[in-house]
Amino acid sequence: MCGITGWLGFHHDLRDERHVIDEMTATMTRRGPDDCGVFIDTHIGLGHRRLAIIDLPLGHQPMTVETPDGVVAIVYSGETYNYRELRTELRSRGHHFITDSDTEVVLHGYLEWGAHLPYHLNGMFAFAVWDGRTDELTMVRDRLGIKPFYFSETTDGVIFGSEPKALLANPLIGRDVDLDGLRELFAMTKQPGWALWRDIRELEPGAMVTVNRNGSQQRTYWTLPARRHRDSLDLTIDTVRDLLTDTVDRQLIADVPRCVLLSGGLDSSALTGLAAKHLGAEGQRVHSYSVDFADQEANFTPDEMRDTNDSPYVRDVAAHVRSMHRDVVLNPADLSDPDVRRAVIAARDIPAGIGDMDTSLYLLFRAIREESTVALSGESADEVFGGYRWFFDEAARTAHTFPWLAFQSSITTGRDALLTPDLRRTLDLDAYVDDQYSAALEAVPVVDGETGDERRMREICHLHLTRMVRMLLDRKDRASMAVGLEVRVPFCDHRLVEYVYNTPWAFKTFDGREKSLLREATRHVLPQSVIGRTKSPYPSTQDAKYAESLQQQLADVAADRDHPVFSLVDHDWVSSAVGADAASLTGANRTQLDRTLDLYHWIDMYSPTLHLV
């Protein structure tokens, strides 16, 4: 797991631009605290920051192979979980290896298969290969978009990196943000390729781009396939169990300490149970971590998203699998700390957070990193198996928009309420969301004869797997890599995703509940309390002191009427929020306070050039 960056400029001699490559690489020190490397040839510069996971002594990057016709170099971020099988196959084809790293396997895989390489890989990855034999750069991203990859085409090549900050360190890239960028910031539709910054694009999941002297070409090597499911329910459950078990076993491979994120919900508990079973066979105990808030268990109140508090279920799972467990307990001062908020914004490069759920995730990861380097997460199980409440809400399911927006939670309600009236009218988020929804539906594959509810649920599942899941994966990656922690997501194994996506909705809910297939497939490693628990999302503090702290910080913001944040945010709205009763600032109201502070800090940190007309 690492940070990568690069600059291809056919009209530049990049041997004279070493300082720029160094600065781009240095922006990702937190992604890769263990090692740093740069490769520069006449028109290409590659930078790498390494978080050492496999083959700690020999996995240095950029990694190169000298051929009779020129050098081939790679910068790689991620993990290829089938690298051992691929290495055996490549050895049978005459390749020789000097390390035990998956990076070297991917590099030799490129030498063997060229543009067909991604089809052979199982994992999470973002990498770029410079082929000096043809003077061509190939950039590749994994199927689900687990690892980030951003690029900007220039007049004579391309600039790329794991995060926008790497590109922004290059003087050729401006800090411009226009209306289209702002629309998606508040819309929550995850427009393909969006990166907020006008000159930067996100390489889409399952895609690859080649750049040479003739220009660039992008092609898609993977999309969600639509197939008719022919397995029985019993066979489907067995297949899900086998796929998930194999995936967890593969993703526990590491040469550093590993752990599991445990919330007490079905997803994380299933992974914890499977990991405990695998490690137990090797004479080891699984380490688990959860986040909690001071006094929350004693004072918990059900809300529109959460019926139960996590803590009792966490204890049940930890006892059931005999994990070595640690609770990371946070208080309002931790969650509202401006320095922590700024660290989260710096990690993401955009002010698109969700308040205490972002800061708590960052603080959880920071605490875990004190003891572990790799963590398994239950992220994406709700998108794969159909776990969110709006999957079962008739109004949300039949609405002509994204179901998570139709459901109107505290995160999605009044997304633009904090903006100035003029900017709200100019952005016209309703029209933008309608356009994105229409485009997203057009991308849903068709199965002959599939109609009615089954067809609609395929659409809804596709929306989640190609739009919503990408937002959450990006959040997870940035928060974890900002502290040098690699978080793996077994539920994003493309074999599992393809198989479950094509199972009928009646199978996904065969027992009348959410995520029926997952519950039954992992019942053998779960305590009874978790088997009976309903879906509860990532936790959020209910302590009113958090909102009070936000108000105090916003009072200082409101006092500076000339601050550029008020070109976006309605000053009257801020003043009203500052004067409100803190106890009333819950749900959507509190979310808007968080978003206002995020915008304020983001403008101070990044000095963006805003184009609002």
Side-chain angles (χ1 to χ4, degrees), residues 148 150-154 159 163-165 167-168 170 172-204 345 348-354 400-402 404-405 411-443 463 466-468 470-471 474-475 478 557 561-574 588 591-613:
Y150 296 87
F151 70 103
S152 179
E153 296 186 61
T154 64
I159 298 169
E163 299 178 358
K165 60 175 60 68
L167 285 76
L168 294 172
N170 190 300
L172 296 182
I173 306 298
R175 295 181 175 239
D176 299 296
V177 177
D178 59 17
L179 291 174
D180 283 341
L182 288 174
R183 286 188 178 99
E184 181 55 44
L185 183 64
F186 295 99
M188 298 183 67
T189 68
K190 195 52 171 138
Q191 177 187 359
W194 177 82
L196 179 60
W197 308 95
R198 185 170 66 181
D199 295 334
I200 299 175
R201 292 167 55 199
E202 184 182 41
L203 179 58
E204 294 181 35
I345 294 170
R348 301 192 67 180
D349 298 306
I350 59 175
I354 46 179
H400 296 291
T401 191
F402 296 95
W404 56 89
L405 298 183
I411 296 173
T412 60
T413 300
R415 303 182 305 284
D416 60 352
L418 72 164
L419 301 178
T420 67
D422 286 345
L423 183 56
R424 285 204 303 271
R425 285 190 293 269
T426 302
L427 291 180
D428 193 2
L429 287 189
D430 289 342
Y432 176 82
V433 170
D434 287 346
D435 290 344
Q436 287 302 311
Y437 180 66
S438 296
L441 284 185
E442 290 178 3
L463 293 174
T466 59
R467 296 283 184 135
M468 187 174 193
R470 297 178 185 179
M471 292 187 270
D474 182 75
R475 169 179 175 261
R478 304 301 191 83
V557 174
R561 295 185 68 104
D562 295 327
H563 193 280
V565 72
F566 292 114
S567 65
L568 303 175
V569 176
D570 184 354
H571 189 276
D572 290 341
W573 182 91
V574 173
T591 298
Q592 299 310 327
L593 300 186
D594 278 310
R595 286 175 173 155
T596 301
L597 285 170
D598 282 351
L599 285 166
Y600 172 77
H601 288 298
W602 172 70
I603 288 174
D604 274 353
M605 296 167 65
Y606 284 85
S607 301
T609 301
L610 301 173
H611 301 272
L612 304 182
V613 294

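Sequential numbering from 1 along the given sequence is applied to the chain's residues.
Partners of R201 under the side-chain contact (heavy atoms from CB on, under 4.5 Å) rule, at least two apart in sequence or in another chain, are F151, E153, Q218. Shown here are the salt bridge (charged side-chain N to carboxylate O under 4.0 Å, His left out) partners of R198, two or more places apart in sequence or in another chain: D176. The side-chain contact (heavy atoms from CB on, under 4.5 Å) search around E163 returns R31, K165, D349, R478, not counting sequence neighbours.
Residues I159 and I173 have side chains in contact (heavy-atom distance under 4.5 Å, counting atoms from C-beta outward).
Atoms CZ and CD1, from R175 and I200 in turn, are 9.0 Å apart once rounded to the nearest 0.5 Å. With values rounded to the nearest 0.5 angstrom, L429 atom CG is found 9.5 Å from L185 atom CG. Taking CZ of F402 as the reference point, atom CE of M468 lies at 11.5 Å (rounded to 0.5 Å). Atom CG of residue L423 and atom CG of residue L179 lie 7.0 Å apart, to the nearest 0.5 angstrom.
Checking Q191 against R183 by side-chain atom types alone, no donor-acceptor pair falls below 3.5 Å.
Ring planes of Y606 and W197: tilted class, angle from 30 to 60°.
Ring to ring, Y437 and H400 are not that close: their centroids are 6.0 angstrom or more apart.
The nearest pair of heavy atoms linking W194 to D180 is NE1-O, 4.1 Å.
Of the charged side-chain nitrogens involved, at least one lies within less than 4.0 Å of a carboxylate oxygen, so that R425 and D422 count as a salt-bridged pair.
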